[in-house]
Amino acid sequence: MTLSSDQFASRGLDAMLIVYSLLDDHPASAACESFIRDHTNWFTTTLTLLEAKAVLTYTPLSVAQNVSSVKYTTR
């Protein structure tokens, strides 16, 4: 069990936070990317990453597949 006073608890990374951080023209893009980069101890699951990639690739929010794959791995 994690207490709210535990400042070192891991944080679950939501798929939509990932998606919005990767969209260049979205108003929340900079805020979401900054939030992810400014905090540590993130955890996620493979399913969350696949969900984010699916949203970015197969919906009206679609971006090029290579963009959704490399933005965080190249920095």
Side-chain angles (χ1 to χ4, degrees):
M1 182 170 151
T2 303
L3 301 175
S4 60
S5 62
D6 184 0
Q7 296 178 10
F8 301 106
S10 297
R11 302 168 188 265
L13 188 55
D14 183 67
M16 292 314 295
L17 190 60
I18 297 169
V19 168
Y20 288 132
S21 71
L22 292 170
L23 296 174
D24 290 332
D25 295 333
H26 195 278
S29 178
C32 289
E33 183 174 353
S34 175
F35 185 79
I36 291 171
R37 290 183 183 279
D38 291 345
H39 294 84
T40 58
N41 297 325
W42 289 111
F43 72 90
T44 191
T45 65
T46 304
L47 187 59
T48 302
L49 299 175
L50 292 172
E51 178 186 0
K53 181 140 180 141
V55 169
L56 289 168
T57 308
Y58 303 111
T59 68
L61 296 175
S62 295
V63 295
Q65 287 186 6
N66 60 340
V67 172
S68 63
S69 297
V70 299
K71 185 168 182 180
Y72 286 118
T73 58
T74 59
R75 291 186 181 178

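Atoms considered below: every heavy atom in the structure, side chains included; atoms not considered: hydrogens, waters and symmetry mates.
Minimum interatomic distance between Ile36 and Trp42 (heavy atoms only, all atoms of both residues): O-NE1, 2.9 Å. Taking all atoms of both residues into account, the shortest heavy-atom contact from Tyr20 to Cys32 is CB-SG, 3.7 Å.
The CG atom of Leu13 lies 8.0 Å from the OG atom of Ser21; values are rounded to the nearest 0.5 Å. Of the inter-residue distances, the one linking Ile18 atom CD1 with Lys53 atom NZ reads 12.5 Å to the nearest 0.5 angstrom.
For the side chain to side chain contact (heavy atoms under 4.5 Å, CB included) test, residues two or more places apart in sequence or in another chain that qualify with Leu50 are Thr46. With sequence neighbours excluded, the residues satisfying side chain to side chain contact (heavy atoms under 4.5 Å, CB included) with Thr45 are Leu47, Thr48. Residues passing the side chain to side chain contact (heavy atoms under 4.5 Å, CB included) test with Ala30: none are found, sequence neighbours excluded. Residues satisfying the side-chain hydrogen bond (donor to acceptor under 3.5 Å, both in side chains) criterion with Asp25, sequence neighbours excluded, are absent altogether.
Between Leu56 and Leu23 the shortest side-chain heavy-atom distance falls below 4.5 Å.
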